[in-house]
Amino acid sequence: MIAKLRGSYGSGIEPLTYAGQNYMVVDRSLIPEILQVLRNEEQFDYCVDITAVHYPTREKQFEVVWVLYSFARNERIRVKTQILDGASLPSSVPIWTGANWLEREVFDMFGIKFDGHPDMKRILLPDGWKGHPLRKDYGILQQDNEWVQINLGIESGQ
Amino acid sequence: MTDPHTSLSHLDLETPEKPFLDANELVINMGPQHPATHGVLRVILRLDGEKVLGLECVIGYLHRGVEKIGEHRTYTMFNPYVDRMDYVAAVSNGLGYCETVERLLTVEAPPRAQYVRVILTELNRIASHQLWLGTHALDIGAITPLFYTFRDREEILKIYEKYCGARLTTHAFRIGGLQYETYTGFEKEVKNFLDFFRPKIDEYEELLTTNRIWVERTRNVGTISAQDCIALGVTGPVLRASGVKWDLRKAQPYATYKNFDFDIPTGQNGDTYDRYLVRMAEMRQSVRIIEQAVGAIPEGPIMAKVPKVMKPPAGEVYHSIEAPKGELGYFIVSDGSTQPYRVRVRPPSFVNLQALDVMCRGQLVADVIAVIGTLDIVLGEVDR
């Protein structure tokens, strides 16, 4: 499968293995197409998870990860791509309906937007909250004090 | 003061053209403090009389930032935190976490530890399903099963308490194996429990399976097709009740599940009644697994050679297990230090809850209660 994908997309895909698990690092520009191909041609019909990792020291700060599974092949694969802070990604809701909440969580926690998402808003934190907690520059004790004071009527949530 | 937790944007509240008292559509709020939402789940229902046209879930009331905490604790220190996500299946959470870190460290728990893990995890599956059954039946109006299931669940909690001192958030496993050797009489007590519990499942079934009210309230309620389940990423008993024979214990065996003989119960209709039957059958299968495991616990060490200060080599691993609610996955990124660089939990309840809208459309308000119950969500895990 990897060989086939490499054949059609060339160096935009880098297949890797760690601890016996396959994943591939894909160029940002190829993401919409690769996800579509994995779903339609390679039978990865179950989108297990979408998440991100923040590397503030890198130029492309965010790594977005899709964990996919194929029932037919009983196989898992992870697709990774790196994007700049502030860049957006195409939504995969049209490919997997279940991506909806997962993408909302990535947005909530990292501030990464997904274009074409039917309802791109926060999911776990309240709508008016400032900041995205899973970024590395967001402190573990940090909170949106203003929000807490206005909405909860207390000085601090700590 | 407007409620900052929601925007009702796509529910179309603004329809000023409609004349007064044209109450074709009604928007009703349910929760977050509602006894039938199993925690702090808020559901905004759009109704046509009694019929549900659509709904939106508002979650996050129990968000504690577990993933953020994970980045600030060592691998060992984070272990008890995972118990607080799905707190009715704490042992499963711990198993998933320990196995993922073990993969990063490339160590494997010794066989004795693996067997004890399987026994405790399957007991946990039974306990989780018992709690589900009791509360689900209570929501629908059958009060008795709650007393039965809680009475019997107590026996499992006693085993936990004797084994590790805790009943709910057990912290039963350690990275690399177990901290505690089984207590004297552990095997006998587990066997006694199995003998005690087997007729109890029949008892539950006698109360419900052919009970006319139960059948009327659950059959053809909250139906979801296998395709919808897969598209939405729904796993666990919900997926199996829709006819997909998929269980991670068989598909990608972990722990020592490949040594045990058991079936994957499935349903056909994907309705609330089938999900009930699937979970009942799963309890019986868990009994089968424990029976095989408890008679064959190998001798030997209970802890693998794990360094006191854990520094997994830089890399990342995704590992998942079949928790009572579905696929529970951990994605851990290590940068070679003592703390995980990133811990991501793929919670089954969170992903399964997404299906609530699909399952409730066209149903009655009372059925929403049944469907929330049948999804078997734990808000601690949804919100993390």
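Within every chain, numbering begins at 1; the chains are lettered A, B, ... in the order of the sequence lines, protein sequences first and strands thereafter.
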Proximal component of [X], with respect to chain B [non-hydrogen, under 4.5 Å]:
X	value
A:Ile50	backbone
A:Asn100	both
A:Tyr138	both

For [Y], is there an ion pair with [X] - N to carboxylate O distance below 4.0 angstrom?
X	Y	answer
B:Arg342	B:Glu67	yes
B:Asp357	B:Arg361	yes
A:Asp115	A:Lys113	no
B:Arg240	B:Asp247	yes

Query raised in the report: A:Ala52 and A:Phe110: which non-hydrogen atoms are nearest, and at how many Å?
Result: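 Reported closest heavy-atom pair: O-CZ, 3.1 Å.
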Query raised in the report: If you draw the axis of the six-membered ring of B:Phe262, does the NZ or CZ of B:Lys250 fall within 45° of it and under 6.0 Å from the ring centre?
Result: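 Yes; both conditions hold, so B:Lys250 lies above the ring face of B:Phe262.
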Look at [options] and state which one has the largest set of heavy-atom pairs under 4.5 Å with chain A.
options	answer
B:Val244, B:Val333, B:Ile230	B:Ile230
B:Leu353, B:Val234, B:Val382, B:Leu104	B:Leu353
B:Asp383, B:Thr106, B:Asp335, B:Ile69	B:Asp383
B:Cys229, B:Gly233, B:Ala231	B:Ala231

With a 4.5 Å heavy-atom cut-off (strictly below), which parts of [range] touch chain B? List them by number.
range	answer
residues 130-137 of chain A	A:Pro133, A:Leu134, A:Arg135, A:Lys136
residues 55-68 of chain A	A:Tyr55, A:Pro56, A:Glu63, A:Val65, A:Val67
residues 23-47 of chain A	A:Asp45, A:Tyr46

Just checking, any donor-acceptor pair under 3.5 angstrom between side chains of [X] and [Y]?
X	Y	value
B:Arg42	B:Asn29	yes
B:Ser320	B:Glu327	yes
B:Gln114	B:Thr256	no
B:Arg249	B:Tyr254	no
A:Gln143	A:Asn145	yes

Query raised in the report: Excluding sequence neighbours, so at least two apart, what forms side chain to side chain donor-acceptor pair (under 3.5 Å) with A:Glu105?
Result: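 A:Glu105: side chain to side chain donor-acceptor pair (under 3.5 Å) contacts with B:Arg344, B:Arg384.
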Side-chain donor/acceptor of [X] to backbone N/O of [Y], under 3.5 Å:
X	Y	result
B:Asp263	B:Pro265	no
B:Asp228	B:Ile224	no
B:Thr74	B:Gln339	no
B:Arg346	B:Tyr318	no

Requested in this report: For chain B, find which of A:Arg122, A:His54, A:Arg76, A:Met109 contributes the most heavy-atom pairs closer than 4.5 angstrom.
Outcome: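 Of the candidates given, the most pairs with chain B belong to A:Arg76.
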Against chain A, label [X] side chain, backbone, both or neither, depending on which of its atoms sit under 4.5 Å from a heavy atom there.
X	value
B:Leu62	neither
B:Leu105	neither
B:Val351	side chain
B:Glu316	both
B:Val358	neither

Requested in this report: Start with the C-alpha gap between A:Trp101 and B:Cys57, add the side-chain angles, then the distance that decides, and say whether side-chain contact (heavy atoms from CB on, under 4.5 Å) holds.
Outcome: CA-CA 11 Å; A:Trp101 282 21; B:Cys57 294; 3.7 Å; yes
Report task. Decide yes or no on side-chain contact (heavy atoms from CB on, under 4.5 Å) for B:Met359 and B:Thr223, but give the supporting numbers first. Result -> CA-CA 6 Å; B:Met359 289 161 91; B:Thr223 311; over 6 Å; no
Report task. Before giving the answer on side-chain contact (heavy atoms from CB on, under 4.5 Å), spell out for A:Thr51 and B:Phe331 the whole-Å C-alpha distance, their side-chain angles and the decisive distance to 0.1 Å. Result -> CA-CA 9 Å; A:Thr51 189; B:Phe331 176 65; 3.9 Å; yes
